[in-house]
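Since the model is a prediction, treat every value here as computed from it, not as a measurement. Scope of the values below: all heavy atoms of this structure, side chains included, with no hydrogens, waters or symmetry mates.
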Amino acid sequence: MFAASSILFVPGSRTDRITKALASEADLVCIDLEDAVAAPDKDSARATVMAGLADWDRTRLAVRINGVMTRAGLKDLIALTQCPAPPPLLFVPMVEHASEIAQVARILENPAIGLVPLIETVRGLRDAPCIAAQPQVAAMMFGGGDFSAQIGVDLAFDPLLVARGQFVMACADAGVPAIDVPFIRLDDAAGLADECRKVRALGFAAKAAIHPAQVDAINAGFGADSDAIAEAQDAIAAYEAAGGMAIRHKGKMLEAPIVARMRAMLARETRRNERTMIDA
């Protein structure tokens, strides 16, 4: 189950930053072989990352490959098939058709690797319901940077509201979590907190970060307080006592999707608490 709410992207060409990212409070660290790595450095970054995966904490690691329609992306996939310690999650950029994700799964031949397609174009958004429904898809990410450039608007909440809504509905229909695009104004902490609140209310389960300083705000924006945790634990216990059937509980309807979200939230909080105890 995908249980991250903060995903920190870090260049695959900078192993020092990968180590620092893993020391942060990010739920998930995504090593980027695509946009964050210059073309001349892609081969060396790929080799370094494939070798390093055996040593890093893979429970919190993902890798973003290059687009599968590019030479670099195909090299990434082949390298992953030969990697002795592949990542549990693979972010796949610029996905426009469900067949691309099916092809990635066939090349990898490893059902243990969850796939996270990035929807970054109008065409991709049009096929998002089918993409999200592919068997190995663990979550979906809204790539607002390329999307906003294609339609000629600012990378901001209001201009992308309709697209975000359509994206969330595609994810919800397939039962996979929706991840929002990073907030690019690094010095605007209030703006980041506000956008976290808005996209969470819209239905997003997580948000990406491009700097460690953004992680705490995202965790706070998508986190749960003690009352919410207690309510979720009580609701899950009642649901299980009813044999996993939809029930009315304290004036609210409890059914499988609602309970799944509560379990994901508890899993995120448990992982954070465990990391805090280890660090202490």
Step by step, would you call E195 with R164 a salt bridge (Lys or Arg N to Asp or Glu O under 4.0 Å)? CA-CA 12 Å; E195 188 162 279; R164 276 185 166 110; 3.8 Å; yes
Do any N or O atoms from the side chain of T19 and from the backbone of T15 form a donor-acceptor pair under 3.5 angstrom? yes
Which ring pair (Phe, Tyr, Trp, His ring centres under 6.0 Å) pairs, counting each pair once, include a residue from residues 238-260, with sequence neighbours left out? none
Could you go through residues 148-156 and list every donor-acceptor pair under 3.5 Å that involves a side-chain atom there, pairing it with any protein atom two or more places apart or in another chain?
unit_1	atom_1	unit_2	atom_2	d
S148	OG	G144	O	2.9
S148	OG	G145	O	2.9
Q150	OE1	V122	N	2.9

Is K42 reaching over with its side chain to a backbone N or O of L33, donor-acceptor style, under 3.5 angstrom? yes
Could you list the donor-acceptor pairs under 3.5 angstrom formed by side chains in residues 123-142, with sequence neighbours left out?
unit_1	atom_1	unit_2	atom_2	d
D127	OD2	A98	N	3.0
Q136	NE2	N110	O	3.0
Q136	NE2	I113	O	2.7

Heavy-atom side-chain proximity of S6 to L28 below 4.5 angstrom: no
Please confirm whether the ring centroid of F204 lies under 6.0 Å from the ring centroid of F222. no
So, the side chain of D41 versus the backbone of A45: is there a donor-acceptor pair under 3.5 Å, distance only? no
Kindly write out the residues that satisfy side chain to side chain donor-acceptor pair (under 3.5 Å) with Q103, not counting sequence neighbours, or none if the list is empty. R106
Would you mind listing the cluster partners of V215? Hydrophobic ones only (ILVMFWY), side-chain contacts under 4.5 Å, chaining allowed. L8
Considering non-hydrogen atoms only, spot the tightest contact between D76 and M50 and give its length. O-CE, 4.3 Å
Give me each pair satisfying side chain to side chain donor-acceptor pair (under 3.5 Å) with a member in residues 92-101, each pair once, sequence neighbours excluded. E96-T121
Inter-residue atom distance L254.CG - I236.CD1, 0.5 Å rounding: 9.0 Å
For the hydrophobic clusters of this structure (ILVMFWY residues joined by side-chain heavy atoms under 4.5 Å, transitively), does one cluster hold both F157 and V162? no
Roughly how far apart are H211 NE2 and R17 CZ, rounded to 0.5 Å? 8.0 Å
